[in-house]
Chemist: 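Supplied in structure tokens, the structure appears directly below.
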Amino acid sequence: MPIKTPDWWYRKNAAGAPWWRPLLWPLSLVWRAVNAIKAANARPYRSPLFVISVGNLTLGGSGKTPITGALLDLLAPEAVGLSRGHGGTLTGPITIDPHTHTAAEVGDEPLMLAQTHPFVIARDRAAGLRLIEKRRKAPKPRIVIVDDAHQNLKIAKDLHILVIDGDTRNGAWPFGDGGVCPYGPMREPLEQGVARADICVLWMPDEEAQPDPDLLALLGDKPVFIARLQAQAPAIPAAVYGFAGIAKPWKFEATLHSEGYDIAGFEGFPDHAALSPAELEALAAKTAASGARLITTQKDWIKLDPAWRARIACLPITAKFDDEAGLLTLIRARQG
């Protein structure tokens with residue numbers, strides 16, 4: 001069952017953490033020990049294709065999906081996307097058909113990306129790479145962009161791109177106090193994860209936001225590129241009632257504010273949550289009572305059936321790099 005992200009995970013010095021947080025420390029040690037054993041026994045598959053990993057150091061909410069989409073745009077038509085297909089029932093390897101597959105089958109984020117790019121899901125990412133290698137349809141792929149693969153030990157990567165939430169307003173901090181799950185949001189210790197990165201991308205909330213110098217200092221001499229959220233906000237001549245099932249639902253509420261919407265209410269749900277008809281009806285009733293219109297993220301909207309899609313507005317977002325040419329030059333140099 002999806003669990004709602006604790007907001008104190010992403011506060012500077014874990015501000016607001018509950019008194020019982022120290023009880024989670026032993027579980028954090030178990031998490032780290034299991035990962036160490038996996039790393040010691042890993043035998044990664046090496047693909048002849050150029051494999052780019054797009055990942056993060058925390059349990060979601062860093063901006064990996066829009067960054068993956070932007071990289072697929074930048075490297076088209078020779079790039080194919082690959083993902084585990086989190087939340088989907090199909091194990092793959094399979095190439096997503098956006099006209100026939102559903103989010104319940106292939107996962108919400110892969111289905112989003114497959115609307116505009118060739119995309120494969122595979123629980124076994126090595127099997128996914130082998131499927132892409134066999135692709136004969138022109139243009140033949142030369143690059144695979146693997147979503148959420150910074151900690152994946154089953155495949156070798158040629159370039160590690162680490163995505164970090166650069167929004168540090170109001171006490172927010174992308175790594176909390178550095179605690180490893182469930183003691184904090186980290187999948188692995190900060191220094192360990194940053195050391196494997198070739199490129200760091202800071203995901204910024206708007207055109208004006210600037211990187212925090214203290215955050216940049218943690219990244220050492222790694223090349224850092226800025227990617228900014230671009231919202232394709234639909235015109236809605238009424239108040240909106242927002243909801244989001246993402247790792248940091250409060251970020252979607254902040255985007256609604258920044259886009260100038262009159263917000264009648266907002267509700268957050270666990271990441272990847274598929275709302276039941278009863279939950280959707282409850283949201284619709286609250287919205288009707290306030291004279292507003294329901295609005296959600298593209299990730300949540302794509303999970304809805306057609307009848308609900310017609311009733312709920314969607315606010316898609318994309319990523320725009322400040323220095324797209326510089327990033328492309330660095331990738332091509334590494335590709336050789």
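As a basis for the values below, the full set of heavy atoms in this structure was taken, side chains included, without hydrogen atoms, waters or symmetry mates. Counting begins at 1 with the first residue of the sequence.
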Chemist: Within the 4.5 Å heavy-atom criterion, are Leu218 and Ile164 side-chain neighbours or not?
Modeler: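 When only atoms from C-beta onward are counted, Ile164 and Leu218 do not touch, as no gap falls below 4.5 Å.
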Chemist: Does Glu324 use its side chain to pair, donor to acceptor, with the backbone of Phe321 at less than 3.5 Å?
Modeler: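 Here the side-chain-to-backbone pair does not exist.
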Chemist: Please lay out, stage by stage, how Arg125 and Asp148 fare under the test salt bridge (Lys or Arg N to Asp or Glu O under 4.0 Å).
Modeler: CA-CA 11 Å; Arg125 249 71 70 91; Asp148 197 11; over 6 Å; no
Chemist: In terms of side-chain geometry, is the basic nitrogen of Asp158 or Arg46 positioned less than 4.0 Å from the acidic oxygen of its partner?
Modeler: yes
Chemist: Could you give me the CA-CA distance, side-chain angles and deciding distance for Leu229 and Lys251, then say whether side chain to side chain contact (heavy atoms under 4.5 Å, CB included) is met?
Modeler: CA-CA 11 Å; Leu229 185 152; Lys251 305 267 290 186; over 6 Å; no
Chemist: Honestly curious: do Leu280 and Ile295 fall in one hydrophobic cluster under the side-chain, below-4.5 Å linking rule?
Modeler: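 In one cluster: no.
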Chemist: Could you point out which residue of Thr318, Asp322, Asp206 forms a side chain to side chain donor-acceptor pair (under 3.5 Å) with Arg228?
Modeler: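 Of all the options given, the one that passes is Asp322.
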Chemist: For Asp165 and Pro174, indicate whether the former's side chain and the latter's backbone hold a donor-acceptor pair under 3.5 Å.
Modeler: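 No; zero donor-acceptor contacts below 3.5 Å.
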Chemist: For Pro182 and Trp8, work out which heavy atoms get closest and say how close.
Modeler: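 Looking at all heavy atoms of both residues, the shortest contact is O-CH2, 4.4 Å.
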Chemist: Does any non-hydrogen side-chain atom of Val240 lie less than 4.5 Å from one of Leu294?
Modeler: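 Answer no - side chains too far apart.
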Chemist: Got a sec, which residues hit ring-ring contact (aromatic ring centres under 6.0 Å, His included) with His117, two or more places apart in sequence or on another chain?
Modeler: none
Chemist: Does the side chain of Val54 reach to within under 4.5 Å of the side chain of Val201, using non-hydrogen atoms?
Modeler: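 Heavy-atom side-chain distance check fails, nothing below 4.5 Å.
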Chemist: Mind running side chain to side chain contact (heavy atoms under 4.5 Å, CB included) on Trp173 and Asn13 for me, showing each step along the way?
Modeler: CA-CA 8 Å; Trp173 196 249; Asn13 301 316; over 6 Å; no
Chemist: Do the charged groups of Glu78 and Arg332 touch, with an N to O distance under 4.0 Å?
Modeler: yes
Chemist: Can a donor-acceptor pair be found, under 3.5 Å and without considering hydrogens, that links the side chain of Thr296 to the backbone of Trp301?
Modeler: no
Chemist: For the side chain of Trp203 and the backbone of Val163, is there at least one donor-acceptor N/O pair under 3.5 Å apart?
Modeler: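 Pair absent, no side-chain N/O of Trp203 close to backbone of Val163.
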Chemist: For Lys140, give me all partners under side chain to side chain contact (heavy atoms under 4.5 Å, CB included), at least two apart in sequence or on another chain.
Modeler: Arg136
Chemist: What is the distance from atom CD1 of Ile302 to atom OG1 of Thr297, rounded to the nearest 0.5 Å?
Modeler: 10.0 Å
Chemist: State which residues pass ring-ring contact (aromatic ring centres under 6.0 Å, His included) with Phe243; sequence neighbours excluded, sorted by chain then number.
Modeler: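 With sequence neighbours excluded, Phe243 shows a ring-ring contact (aromatic ring centres under 6.0 Å, His included) to no residue whatsoever.
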Chemist: If you compare all heavy atoms of Thr65 against all heavy atoms of Leu113, which two are closest, and at what distance to 0.1 Å?
Modeler: O-CD2, 3.8 Å
Chemist: Tyr241 ring centre to Lys286 NZ or CZ under 6.0 Å, with the angle to the axis within 45°?
Modeler: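 Here Lys286 fails the 6.0 Å and 45° test against Tyr241.
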Chemist: For Trp25, what residues pass the ring-ring contact (aromatic ring centres under 6.0 Å, His included) criterion, not counting sequence neighbours?
Modeler: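 Residues passing ring-ring contact (aromatic ring centres under 6.0 Å, His included) with Trp25: Tyr183.
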Chemist: Would you mind reporting whether Leu59 and Thr5 have side-chain heavy atoms less than 4.5 Å apart?
Modeler: no
Chemist: Measure the NZ-OG distance between Lys64 and Ser53 for me, rounded to the nearest 0.5 Å.
Modeler: 10.0 Å
Chemist: Answer yes or no: is there a donor N or O on one side and an acceptor on the other, between the side chain of Lys248 and the main chain of Ser62, under 3.5 Å?
Modeler: no
Chemist: Are Ile312 and Ile263 connected into the same hydrophobic cluster when the rule is that any two of I, L, V, M, F, W, Y join if their side-chain heavy atoms are below 4.5 Å apart?
Modeler: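 Each belongs to a different hydrophobic cluster.
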Chemist: Between the side chain of Asn170 and the main-chain N/O of Ala172, is any donor-acceptor distance below 3.5 Å?
Modeler: no
Chemist: Please step through side chain to side chain contact (heavy atoms under 4.5 Å, CB included) for the pair Tyr261 and Glu253, ending with a clear verdict.
Modeler: CA-CA 10 Å; Tyr261 287 109; Glu253 184 177 14; over 6 Å; no
Chemist: Please report the interatomic distance CG(Asp73) to OG1(Thr116), rounded to the nearest 0.5 Å.
Modeler: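 Going from the CG atom of Asp73 to the OG1 atom of Thr116 covers 6.0 Å.
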Chemist: Are Lys157 and Asn152 packed together at the side-chain level, in the sense that at least one heavy-atom pair is separated by less than 4.5 angstrom?
Modeler: yes
Chemist: Under a 4.5 Å side-chain heavy-atom rule over Ile, Leu, Val, Met, Phe, Trp and Tyr, are Leu129 and Leu153 clustered together?
Modeler: no
Chemist: Please say yes or no: joined through hydrophobic side-chain contacts below 4.5 Å, possibly via intermediate residues, are Ile143 and Val80 part of one cluster?
Modeler: no
Chemist: Is a side-chain N or O of Gln151 found less than 3.5 angstrom from the main chain of Asn56, in a donor-acceptor match?
Modeler: yes
Chemist: Hey, is the main chain of Ala126 close enough, under 3.5 Å, to the side chain of Asp124 for a donor-acceptor pair?
Modeler: yes
Chemist: Would you indicate whether Lys154, at its atom NZ, is surrounded by more than 12 heavy atoms from other residues, nucleotides or ligands within a distance under 6.0 Å?
Modeler: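 Atom NZ in Lys154 is not crowded, with 12 or fewer foreign heavy atoms closer than 6.0 Å.
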Chemist: Scan residues 8-28 for pairs that pass salt bridge (charged side-chain N to carboxylate O under 4.0 Å, His left out), counting only residues two or more places apart or in two chains.
Modeler: Arg21-Asp177
Chemist: Pairs in or reaching into residues 138-170: which pass ring-ring contact (aromatic ring centres under 6.0 Å, His included), with residues at least two apart or in two chains?
Modeler: His150-His160
Chemist: Can you measure from CD1 (Ile52) to CZ (Arg334) and round to the nearest 0.5 angstrom?
Modeler: 10.0 Å
Chemist: Could you pull out the closest heavy-atom pair between Thr58 and Arg187, with the gap in Å?
Modeler: O-NE, 2.9 Å
Chemist: Leu315 and Leu256: which non-hydrogen atoms are nearest, and at how many Å?
Modeler: CD1-CD2, 3.6 Å
Chemist: Would you indicate whether the side-chain heavy atoms of Leu190 and Leu57 approach each other to under 4.5 Å?
Modeler: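 With C-beta onward as the side chain, the pair touches.
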Chemist: Using side-chain heavy atoms (C-beta onward) and a distance below 4.5 Å, is Leu328 in contact with Leu75?
Modeler: yes
Chemist: How far apart are the closest heavy atoms of Thr255 and Ala231, and which atoms are they?
Modeler: CG2-CB, 4.4 Å
Chemist: Less than 4.5 Å apart, any side-chain heavy atom of Phe119 and any of Leu72?
Modeler: yes
Chemist: First locate atom CZ of Phe225, then atom CG of Leu327, and finally report the distance between them rounded to the nearest 0.5 Å.
Modeler: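 Output value for this atom pair is 5.0 Å.
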Chemist: How many angstroms lie between CD1 in Ile67 and CG in Leu202, if you round to the nearest 0.5 Å?
Modeler: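 Going from CD1 on Ile67 over to CG on Leu202, the span is 9.5 Å.
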Chemist: For a side chain to side chain contact (heavy atoms under 4.5 Å, CB included) check, start with the C-alpha distance between Lys299 and His272, then their side-chain angles and the critical distance, and finish with the verdict.
Modeler: CA-CA 8 Å; Lys299 175 175 165 177; His272 299 287; 3.6 Å; yes
Chemist: Starting from Trp250, can I reach Trp9 by hopping between I/L/V/M/F/W/Y residues whose side chains sit under 4.5 Å apart?
Modeler: yes
Chemist: For Leu162 versus Ala197, what's the shortest heavy-atom pair and its separation?
Modeler: CB-CB, 3.8 Å
